[in-house]
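The structure appears below as structure tokens.
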Amino acid sequence: MGARLQVRVGLVPLVLDDICVVRICEPRRRLELEAEADPFGAARIAMNLVPWGEHTLFVLD
């Protein structure tokens, strides 16, 4: 946990450079990121992997 990802969102000239911080990591099951988007605040992004028969369901919340 605590790993960081640098992100760039938008189109020129409206580009936002910021970071996402890993808040929860359960390998092969769950990853939660906190996206800092100054000056707009922050967002929590949760990704879960769920066994689905022979496949895997990816849930983004």
Apply the test side-chain contact (heavy atoms from CB on, under 4.5 Å) to residues Arg29 and Leu49: give CA-CA distance (whole Å), side-chain angles for both, the deciding distance (0.1 Å), then the verdict. CA-CA 5 Å; Arg29 302 193 75 213; Leu49 298 176; 5.8 Å; no
Arg44 atom CZ: more than 12 heavy-atom contacts under 6.0 Å: yes
Are any of the side-chain nitrogens in Arg23 or Glu32 under 4.0 Å away from the carboxylate oxygens of its partner? no
Nearest heavy-atom neighbours spanning Arg30 and Ile24: NH2-CD1, 2.9 Å
Check this for me: Gln6, atom CD, are more than 12 non-hydrogen atoms of other residues, nucleotides or ligands nearer than 6.0 Å? no
Can you tell me how far apart CG (Asn48) and OG1 (Thr56) are? Round to the nearest 0.5 Å. 12.5 Å
Kindly give the heavy-atom pair with the smallest separation between Ala35 and Ile45, and that separation in Å. CB-CD1, 3.9 Å
Gap separating the CZ atom of Arg4 from the CD atom of Glu34, nearest 0.5 angstrom: 9.5 Å
Given side-chain contact (heavy atoms from CB on, under 4.5 Å), test Val22 with Leu33 step by step and report yes or no. CA-CA 5 Å; Val22 175; Leu33 305 174; 3.7 Å; yes
Hydrophobic cluster identity match, Leu60 and Leu31, side-chain contacts under 4.5 Å: yes
Quick one: which residue pairs count as a salt bridge (Lys or Arg N to Asp or Glu O under 4.0 Å) with a foot in residues 49-61, not counting sequence neighbours? none
